[in-house]
Amino acid sequence: MRFADPYSVSAALRASSAASLLRPGQQAHALALTSSLASNPLVAARLVDMYSACHRPAAAALVFDSAQPSALSNPVLWSTLIAGLVQNGDARSAMERFRSMRAGAVEPNRFTLPTVLSACASERAIRFGRQVHGCAVRAGFCSSRFVQSSLVSLYSNCADLGSAKRILESSYSDDPISWNALIVSCTRGALHADALSLFAEMHRRGLELDEFTYPSALNCAAYMGDSGTGRCIHCLVLLTGFDSHMHVANALVDMYGKLGSLNCARQVFDRMPNRDVVTWTSLLVGLARQGSHDAALQLYSDMRVHGVDPDEFATAGVLSSCAGSTALELGRQVHAASARRGIDTFLRVSNSLITMYARSGCIKDACAVFDASPRRDAVTWTALIVGCAQNGRGRDSLRLYDEMLEAGVRPDYVTFIGLLFSCSHAGVVEPGRAHFDSMEKVYGIAHGPEHYACMIDLLGRSGRVEEAVDLLEGMSGKPDATVWKALLAACRVHRNAGLAERAAERLFELAPADAVPYVMLSNVYSAAGRWGDAGRVRSLMRARGLSKKEPGRSWMEQDGAVHVFRAGEGEHERAAEIFAKVGEMMQRIGEEEGHTAETGFALHDQEEEGKAAELAHHSERLAVAWALISVPPGKPIRVYKNLRVCGDCHTTLKLVAKVYERTIVLRDANCFHHMREEGFCSCGDYW
DNA sequence: ATAGGGTTAG
């Protein structure tokens, strides 16, 4: 046999490790077993290394655990196992193995310590890390640059910047790895200014900036939203030729995406000779972030054409675009594909699945994903809390919040937005106030404008407009546009024209390019019968150049295609049939339910849908009429609308659901309306 | 034979 000696077997294993090839590695393992070489310490270490390199940490541990007792006194074997565990992301087990190694009185060497320290750093295990540090001091390994850089990483990850900087400056202060570790920790700990000044200091001292330094610095500029600095670093990258490193170029794509400069992101992307899944995902997420969901979905499809397999990041990214453009069928396909790859239970994937299903109105599917999630963090719970609230299940949201606390998951800033949003949808004032107070008092999270906006919405909707004004006036910070908008919305429902004027005036200053406050104020006047004032506001809006309107449109998915409907449109190939169906709908709800149109809503929230179109031909009615023709009985009708549904369409569709005995799920710009055969809507007629 | 730092999300 060719490999029957320890040296050739270990050479074969080394080759398998280097190429991460499991099959040849397993063959060499089999040969080692049949030749009784597996207990040889050199071969055992190679086997552990091979299985680790092939992402089989359990197999590596098995080889280690079946090694001869005498081999276990060998620190190299231990070091190899510990390094393999760290490389496979299992820092906890690595620390545990180090503990066993010490318990067995095996002395760690200068290779073992950096690895264990990096495990402690990634787990932020400062107490364990200090013990290892002590161990390094006693063993006299502190002068190693490897030990020093991992100590810098440990202390900076554990928010002890003082110790980290002391070690950095003690010796080897020209080692870029220690600097990089510090910069990364500062960025992760939101100490962006510190990170950038460290980067500048490195540059000033003439230290070598490498392919690790640039991504960290770019990441930092991205989080700070500092495009000037970002561009400077980009220039430096080009000058030093580091743009040919994929990680650096990926960081550039990500940064421009985060800064909203999608043209720059695309330019870097287009010029890259090679792209990996991170490159594609960075651009995809950038597009999704600025709301270009269709472009993001197209990019995902291009990625697949280029033969790049989606990982959990790409999957989470594309799912959020599915949610954003209500591509439910594609979302289901992505879900199935992720299940085939076994990544559907990854935290970020299940979190985005919950969001996608909830935002597509499929709250049952969202709950099913939630129930199947092996791990749930604050994002998981928040996604379902918000999802329930959007779908008219505010009470379920509040119950979920209690369960979240029972499960020991700490709510964060966003959780409270979802929770207060739920209180407002459920119309529960006292629990809302209690949660609002507990947020700061119990969890130490400062109230943000979003929380005030939810509270003002809650108070306004329950008729406590004066309390809403008090809350706004008592805000610690300056009220922003979202807060005034919430107040204006409350005025819209309670027809308080005086207050609406005040809120609208502030909004004209705070958000001068936004047409919505004009339309809302105009609607308040219309609802109060003050047609003259309503017209005056709309003329003002036009005079200020804000008349460019987003046209109202509704759409539905059918057999993988999207059918779009515009108000009063007669372009659909079966337009005559659709108009006839609308006529039939109106006649039946008139005869069976005594419905007459509410013309007070002729002026729309975002805008008029065109004077030519009467209420009866609003886009959502055309879409529902087409659905009644084409969607088989018993199947829910799912319609999406880009603007808020108008009051008359809302009433009409509730009655259509009733007389036709169909479930209609309408998602408008604000929330979901689940209308069932009983003739009620999940939104409680407040939206 | 064994070692330290990086990019992607919600």
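By convention in this document, chain letters (A, B, ...) are assigned in the order of the sequence lines, proteins followed by strands, and residues within each chain are numbered from 1.
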Let's see if you can work this out: which of [options] has an atom nearest to the side-chain heavy atoms of [X]?
{"X": "A:N250", "options": "B:dG10, B:dT7, B:dG5", "result": "B:dT7"}
{"X": "A:S79", "options": "B:dT2, B:dA3, B:dT8", "result": "B:dT2"}
{"X": "A:A181", "options": "B:dG5, B:dA1, B:dG10", "result": "B:dG5"}
{"X": "A:D175", "options": "B:dT7, B:dT2, B:dG4", "result": "B:dG4"}
{"X": "A:R14", "options": "B:dA3, B:dT8, B:dA1", "result": "B:dA1"}
{"X": "A:S320", "options": "B:dT8, B:dG4, B:dG10", "result": "B:dG10"}
{"X": "A:F146", "options": "B:dG4, B:dA1, B:dT7", "result": "B:dG4"}
{"X": "A:A45", "options": "B:dA3, B:dA1, B:dT7", "result": "B:dA1"}

Confirm from the modelled atom types if [X] and [N] form a donor-acceptor pair under 3.5 Å, side chain to base only.
{"X": "A:N74", "N": "B:dA1", "answer": "yes"}
{"X": "A:D210", "N": "B:dG5", "answer": "yes"}
{"X": "A:S149", "N": "B:dG4", "answer": "yes"}

Describe the nucleic acid contact of [X] in one word from base, sugar-phosphate, nothing, applying a heavy-atom distance below 4.0 Å.
{"X": "A:D49", "value": "nothing"}
{"X": "A:V76", "value": "base"}
{"X": "A:E211", "value": "base"}
{"X": "A:N351", "value": "nothing"}
{"X": "A:S10", "value": "nothing"}
{"X": "A:R275", "value": "nothing"}
{"X": "A:D276", "value": "nothing"}
{"X": "A:R348", "value": "base"}
{"X": "A:V379", "value": "base"}

Counting only side-chain nitrogens and oxygens, does [X] get under 4.0 Å of the OP1 or OP2 atom of [N]?
{"X": "A:S153", "N": "B:dG4", "value": "no"}
{"X": "A:R188", "N": "B:dT7", "value": "yes"}
{"X": "A:N157", "N": "B:dG5", "value": "no"}
{"X": "A:R145", "N": "B:dG5", "value": "no"}

Determine whether the aromatic ring centres of [X] and [Y] lie less than 6.0 Å apart.
{"X": "A:F269", "Y": "A:W280", "result": "yes"}
{"X": "A:W381", "Y": "A:F370", "result": "yes"}
{"X": "A:W78", "Y": "A:F64", "result": "yes"}
{"X": "A:H335", "Y": "A:Y357", "result": "yes"}

Between [N] atom [atom2] and [X] atom [atom1], what is the distance in whole Å?
{"X": "A:Q87", "N": "B:dG5", "atom1": "CD", "atom2": "P", "result": "10 Å"}
{"X": "A:H133", "N": "B:dG4", "atom1": "NE2", "atom2": "C1'", "result": "14 Å"}
{"X": "A:L182", "N": "B:dG5", "atom1": "CG", "atom2": "P", "result": "14 Å"}

Can you tell whether the side chains of A:R97 and A:D65 come within less than 4.0 Å, N to carboxylate O?
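Judged by the 4.0 Å cut-off on N to carboxylate O distance, A:R97 and A:D65 do form a salt bridge.
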
side-chain contact (heavy atoms from CB on, under 4.5 Å) partners for A:A378, two or more places apart
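Partners of A:A378 by the side-chain contact (heavy atoms from CB on, under 4.5 Å) criterion, ordered by chain and then number, come out as A:M404, A:V409, A:D412, A:T415.
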
Is_stacked (A:F111, B:dA3) at 5.5 Å, 30 deg
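No; centroid distance or tilt outside limits.
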
According to the interplanar angle, ranging from 0 to 90°, do the rings of A:Y214 and A:F242 count as parallel (below 30°), tilted (30 to 60°) or perpendicular (above 60°)?
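The rings of A:Y214 and A:F242 sit tilted, inter-plane angle from 30° to 60°.
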
Using ring-ring contact (aromatic ring centres under 6.0 Å, His included) as the criterion, list what pairs up with A:F141, not counting sequence neighbours.
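Testing A:F141 for ring-ring contact (aromatic ring centres under 6.0 Å, His included), a comparison that skips the adjacent residues, returns none.
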
Contact residues, residues 306-317 of chain A to DNA chain B [heavy atom, < 4.0 Å]:
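Output list: A:F313, A:A316, A:G317.
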
Which residue, A:L384, A:V414, A:N351, forms the side-chain contact (heavy atoms from CB on, under 4.5 Å) with A:V379?
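Between A:V379 and the candidates, side-chain contact (heavy atoms from CB on, under 4.5 Å) is satisfied uniquely by A:N351.
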
